[in-house]
Amino acid sequence: MNGKECVLVAHVMSRLFPFVSNAYKRLASEVSWNKSCFLARTARGVGLSGQNDLVVLEEEHLNEQFVRGSGPGGQATNKTSNCVVLKHLPTGIVVKCHQTRSVDINRKRAREVMQQKVDVFYKGKDSAILLEKKDAQAKKQDKRRKANHNLDRKRIFREGLQAKDE
């Protein structure tokens, strides 16, 4: 389904459900809400750190709810249901996303997180996400080891200078 078909479906949905017409108009402009449009984007790995081999989510396996979020924000948080709760039915994995006030952005981010969690669930230790994390930890440890080595060299150098002065 291309972008024009997604906009057409959004227009039809806004006519069927007039109480949510503004939301569907916004969604039609972004084109990413439709099942096939979203799947086409996630299959290419859009929004992820170059991971093209992640498991592709199927919309019929997802249960999506919009609930009220929690945390700071006062009335904007307490009266709007912009927290997205996604449940992947085959695995039972649940993801909550309330990072922004926008439902559309929260939906996208929840799906990205869900895709990563499902990938880890199915692939285990061979998952690209875990391999990336492991590489980052190894780099951090190597950097820390080099910093400690340099600090030891500086300490030894200072002790040598103090010994010469005495």
Side-chain angles (χ1 to χ4, degrees), residues 1-3 5-7 9-10 13 20 23-24 26-74 76-78 80-155:
M1 188 178 279
N2 62 24
E5 291 171 342
C6 291
V7 172
V9 170
M13 292 298 285
V20 290
Y24 278 108
R26 273 187 288 134
L27 291 174
S29 66
E30 290 190 18
V31 184
S32 65
W33 74 276
N34 193 295
K35 292 179 186 178
S36 59
C37 293
F38 176 76
L39 290 175
R41 288 172 49 126
T42 54
R44 291 191 309 262
V46 173
L48 302 173
S49 58
Q51 299 299 331
N52 292 331
D53 58 344
L54 293 178
V55 174
V56 177
L57 296 176
E58 296 181 22
E59 283 292 319
E60 56 267 7
H61 292 162
L62 296 177
N63 183 9
E64 184 176 44
Q65 294 179 341
F66 302 101
V67 296
R68 291 188 180 145
S70 61
T77 300
N78 298 334
T80 58
S81 297
N82 54 8
C83 179
V84 178
V85 179
L86 271 182
K87 182 174 183 179
H88 190 249
L89 299 175
T91 60
I93 297 173
V94 177
V95 171
K96 282 180 85 172
C97 182
H98 188 236
Q99 295 176 353
T100 67
R101 292 171 64 180
S102 169
V103 176
D104 301 333
I105 295 172
N106 287 335
R107 289 182 77 205
K108 289 177 192 174
R109 290 184 182 172
R111 279 172 170 73
E112 289 172 1
V113 172
M114 178 64 77
Q115 187 177 26
Q116 293 173 359
K117 287 191 177 215
V118 169
D119 187 68
V120 170
F121 180 83
Y122 283 128
K123 294 182 180 176
K125 292 182 180 179
D126 297 332
S127 172
I129 304 298
L130 290 182
L131 293 176
E132 227 178 74
K133 238 184 210 181
K134 198 178 287 186
D135 287 344
Q137 286 177 347
K139 285 181 183 178
K140 189 174 181 179
Q141 287 176 352
D142 190 44
K143 190 175 179 181
R144 184 175 290 144
R145 183 186 54 77
K146 286 180 182 178
N148 286 337
H149 179 69
N150 285 337
L151 286 174
D152 288 341
R153 287 178 51 206
K154 287 179 184 179
R155 182 182 50 80

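For this chain, numbers begin at 1 and follow the sequence in order. From a predicted model like this one, the values you see are computed outputs, not experimental measurements.
Remark: K96 NZ is loosely packed, at most 12 non-hydrogen atoms of other residues, nucleotides or ligands lying under 6.0 Å away.
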(request) Walk me through it: do H88 and Q115 pass the test side-chain contact (heavy atoms from CB on, under 4.5 Å)? (result) CA-CA 10 Å; H88 190 249; Q115 187 177 26; over 6 Å; no
(request) In sequence, state the C-alpha distance, the side-chain angles, and the governing distance for D142 and K146, and then conclude on salt bridge (Lys or Arg N to Asp or Glu O under 4.0 Å). (result) CA-CA 6 Å; D142 190 44; K146 286 180 182 178; 3.7 Å; yes
(message) Apply side-chain contact (heavy atoms from CB on, under 4.5 Å) to residues Q99 and I105 and explain how you reach the verdict.
(response) CA-CA 8 Å; Q99 295 176 353; I105 295 172; over 6 Å; no
(request) In sequence, state the C-alpha distance, the side-chain angles, and the governing distance for T100 and R109, and then conclude on side-chain contact (heavy atoms from CB on, under 4.5 Å). (result) CA-CA 10 Å; T100 67; R109 290 184 182 172; 3.3 Å; yes
(request) Go through the steps for D152 and R155 under the test side-chain contact (heavy atoms from CB on, under 4.5 Å), then give the verdict. (result) CA-CA 5 Å; D152 288 341; R155 182 182 50 80; 4.0 Å; yes
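In this structure D126 satisfies the salt bridge (Lys or Arg N to Asp or Glu O under 4.0 Å) test with no other residue, sequence neighbours excluded.
Nearest heavy-atom pair across P90 and Y122 is CB-OH, 4.1 Å. Residue E64 comes nearest to V84 through the heavy atom pair OE2-CG1, 3.9 Å, listed as atom of the first residue, atom of the second, then distance. Closest approach of L130 to G124, counting heavy atoms only: CD1-O, 3.2 Å. The two atoms that bring K117 and I93 nearest to each other are O-CD1, 3.9 Å, heavy atoms only.
From D119, atom CG reaches atom CD1 of I129 across 6.0 Å, with rounding to the nearest 0.5 Å. How far SG of C83 is from CZ of R101: 14.5 Å, rounded to the nearest 0.5 Å. How far CE of M114 is from CG of L57: 7.5 Å, rounded to the nearest 0.5 Å. Rounding to the nearest 0.5 Å gives a distance of 9.0 Å between CD of Q65 and NZ of K87. The CZ atom of R153 sits 5.0 Å away from the NE2 atom of H149 when rounded to the nearest 0.5 Å. In this structure, NZ in K108 is found 7.5 Å from OG in S102, a value given to the nearest 0.5 Å.
Looking at R111 and R107, their side chains come closer than 4.5 Å, going by heavy atoms from C-beta outward.
In summary, the side chains of H98 and N106 do not present any donor paired with an acceptor at a separation below 3.5 Å, with no hydrogens or angles considered.
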